[in-house]
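Data first, discussion second: the structure below is written as structure tokens.
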Amino acid sequence: MTNKKVLITGVAGLLGSRLADWIIENQPDYQVIGIDDLSGGYQENVNPKVKFIEANLINKVTLAQTFEKYKPNYVFHFAAYAAEGLSPFIRNYNYQNNLVATANIVNECIKHDVKRLVFTSTLAIYGHGYGGIFDENQIPKPIDPYGVAKYACEMDIQIAGEQHGLDWCIIRPHNVYGVNQNIWDKYRNVLGIWMYQHLNNEPMTIFGDGTQTRAFSYIDDNLESLWKSSILPEASKQIINLGGIEEISITDACKTLQEVIGGGEIIYKEARHEVKHSIPTWQKSIDILGYEYKTDLKKGLTEMWNWAQQQPTRERFVWDSYELDKGIYSFWKV
């Protein structure tokens, strides 16, 4: 049994499951331990070679036992509830599952002298950015509780580095999509939502006028760079945007999916409180992590659509109540 161990939180989700696959295939001398509470991922996504532990990161006892038993060298902390637009209406849940859970991870990493913690943050920390462009040197100014929680996690991790010597790398991925995505969540991952809607003979919904712009990231393009963020000396204590580099409007993204699936109706609904333009800089990911943008949106959507059509019929996740109903959008009202 190898002494080299990697712990991945959120291992049943998109990033966690695909990175676990990549490590098992490309770094066979590492044992992968995975934690997930299966609230947003599925055990079928988890590679059978992963030592899987079903647990919520708020459970400090189980988390402590996992670190004590396996003593991971590197930790990838991907677990989060990333329904950014919904976060103003589930504030407590958002902070518990993003900020409090991360604090528990940081504590264990310090106690067990983890070589490096890789934390996936979000472009939501930038808020509106500067003219819609998001650069790692900008001062974050999030506009929703999800961005606030992730920014607080970033600051806490950096403090742990200064005070306790924890090595870290903060990755800010954006609009990641692909095989193993949760297409059954009503509140997040617009490409997956559209696929679910089309598979269920529903029109594909766009909030607002569809001129919002995003840069989408096919998961497989990110995997080697994510691994490098844990082991390369030059990635130590760096904050790095990671993902796609092509700007596209939400309407054009939906039209691209229409080309892939051969049709589908688009309908427009009321606008949400969200950033209009969200375009990250990418040079740092190329210089430090060797990132390569290989998969354009049409190719990535084709691969994801082929996978989505083979998925079982699953019950769609819908909140039966919110912490706050005031001001909630009509399309999310219970």
Side-chain angles (χ1 to χ4, degrees), residues 6-10 15-16 19 35 57-58 60 63-64 67 72-82 84 87 94-130 133-174 176 222 225-243 278 280-289 291:
V6 172
L7 175 66
I8 300 175
T9 73
L15 268 69
L19 182 63
I35 297 180
L57 300 181
I58 299 173
K60 293 187 288 186
L63 191 61
F67 270 82
N73 303 99
Y74 301 100
V75 173
F76 292 90
H77 179 33
F78 297 156
Y81 187 64
E84 181 180 350
S87 64
N94 165 68
Y95 290 122
Q96 287 289 325
N97 284 273
N98 293 316
L99 179 53
V100 174
T102 299
N104 291 340
I105 286 286
V106 169
N107 280 340
E108 295 303 324
C109 286
I110 293 169
K111 291 176 187 176
H112 293 275
D113 297 316
V114 166
K115 290 184 177 180
R116 184 174 299 165
L117 168 63
V118 176
F119 174 65
T120 48
S121 186
T122 172
L123 292 194
I125 65 103
Y126 290 109
H128 295 291
Y130 293 82
I133 303 299
F134 300 160
D135 184 81
E136 294 95 340
N137 292 322
Q138 294 173 7
I139 298 173
K141 193 176 181 181
I143 67 166
D144 54 63
Y146 176 67
V148 169
K150 285 289 194 173
Y151 186 32
C153 292
E154 287 192 13
M155 292 190 290
D156 186 70
I157 288 167
Q158 292 176 71
I159 290 167
E162 294 171 5
Q163 186 169 1
H164 297 284
L166 176 66
D167 194 7
W168 54 265
C169 180
I170 292 169
I171 300 293
R172 293 172 178 165
H174 47 275
V176 184
N222 294 347
S225 293
L226 282 170
W227 173 251
K228 287 180 178 179
S229 70
S230 71
I231 62 166
L232 291 182
E234 52 268 41
S236 173
K237 297 187 177 180
Q238 293 291 328
I239 298 174
I240 306 171
N241 294 335
L242 181 63
S278 174
T281 57
W282 62 83
Q283 192 61 48
K284 197 171 182 181
S285 68
I286 295 171
D287 293 343
I288 296 178
L289 303 178
Y291 173 74

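The figures here come from the full heavy-atom set of this structure, side chains too, leaving out hydrogens, waters and symmetry mates.
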Inset, instruction - Would you sort out whether Glu136 and Thr281 count as a side-chain contact (heavy atoms from CB on, under 4.5 Å), showing the intermediate values? - result: CA-CA 8 Å; Glu136 294 95 340; Thr281 57; 3.3 Å; yes
Legend entry - side-chain contact (heavy atoms from CB on, under 4.5 Å) between Asn98 and Thr102, worked out: CA-CA 6 Å; Asn98 293 316; Thr102 299; 5.6 Å; no
Legend entry - Criterion side-chain contact (heavy atoms from CB on, under 4.5 Å) on Phe119 and Lys150, from CA distance to verdict: CA-CA 10 Å; Phe119 174 65; Lys150 285 289 194 173; 3.7 Å; yes
Legend entry - Step-by-step side-chain contact (heavy atoms from CB on, under 4.5 Å) determination, Tyr95 to Val100: CA-CA 6 Å; Tyr95 290 122; Val100 174; 5.6 Å; no
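A donor-acceptor pair under 3.5 Å is formed between the side chain of Arg116 and the backbone N or O of Ser229. The backbone N or O of Tyr81 sits nowhere less than 3.5 Å from a side-chain atom of Asn94 that would complete a donor-acceptor pair. The main-chain N or O of Val118 is never found under 3.5 Å from a side-chain atom of His77 such that the two would form a donor-acceptor pair.
One finds the CD atom of Glu154 at 12.0 Å from the CD1 atom of Ile159 (value rounded to the nearest 0.5 Å). With rounding to the nearest 0.5 Å, the separation of CE in Met155 from CG in Leu99 is 9.0 Å. Remark: Lys111 NZ to Cys109 SG distance equals 11.0 Å, nearest 0.5 Å. Atom CD1 of Ile133 and atom CD of Gln138 lie 8.5 Å apart (nearest 0.5 Å). Taken from CD in Gln283 to OH in Tyr291, the straight-line distance is 12.5 Å, to the nearest 0.5 Å. The structure places OG of Ser285 at 5.5 Å from CG of Leu242, a figure rounded to the nearest 0.5 Å.
The nearest pair of heavy atoms linking Pro173 to Ser121 is CD-O, 3.4 Å. Here the closest heavy-atom approach between residue Pro145 and residue Ser87 is recorded as CD-OG, 3.4 Å. Between Leu7 and Pro72, the shortest heavy-atom distance links the atoms CB-CB, 3.8 Å. Across every non-hydrogen atom of Ile240 and Cys169, the tightest pair is CD1-SG, 4.2 Å. Considering every non-hydrogen atom in both Leu289 and Lys228, the closest pair reads O-CD, 3.2 Å. The shortest non-hydrogen separation linking Ala124 to Asp144 is CB-OD1, 4.4 Å.
Residues Ile239 and Gln158 are in side-chain contact: their nearest non-hydrogen atoms beyond the backbone lie under 4.5 Å apart. Under the 4.5 Å side-chain criterion, counting only non-hydrogen atoms from C-beta, Lys141 is not in contact with His128. Side-chain contact between Phe78 and Leu19 is present, with at least one heavy-atom pair separated by less than 4.5 Å. For the pair Ile58/Asn97, a side-chain contact is recorded, criterion being any heavy-atom separation below 4.5 Å from C-beta on. Inter-residue side-chain proximity for Leu57 and Ile35 is flagged as met; some heavy-atom pair is nearer than 4.5 Å. Proximity of Leu117 to Ile105: side-chain heavy atoms (C-beta onward) are separated by under 4.5 Å at one or more points. A heavy-atom distance below 4.5 Å is found between the side chains of Val106 and Ile110. Here the side chains of Arg172 and Pro280 are not in contact, with every heavy-atom distance at 4.5 Å or above.
Between Phe134 and Tyr126, the two ring planes are parallel [angle under 30°; tilted spans 30° to 60°].
Around the CD atom of Glu234, the shell of radius 6.0 Å holds more than 12 heavy atoms that belong to other residues, nucleotides or ligands. Annotation for Trp227: atom CH2 counts as buried by contact number, over 12 foreign heavy atoms lying within 6.0 Å.
In this structure Thr120 satisfies the side chain to side chain donor-acceptor pair (under 3.5 Å) test with no other residue, sequence neighbours excluded. Partners of Lys237 by side chain to side chain contact (heavy atoms under 4.5 Å, CB included), not counting sequence neighbours, listed by chain and number: Asp167, Trp168.
Side chains of Glu108 and Asn104: a donor-acceptor N/O pair is absent below 3.5 angstrom, by distance only. No hydrogens or angles considered: nothing links the side chains of Thr122 and Glu84 as a donor-acceptor pair under 3.5 Å.
Across Asn241, Leu226, Leu15, a single residue satisfies side-chain contact (heavy atoms from CB on, under 4.5 Å) together with Ile171, and that is Leu226.
Among residue pairs with one or both ends in residues 98-107, none qualify as salt bridge (Lys or Arg N to Asp or Glu O under 4.0 Å); sequence neighbours excluded.
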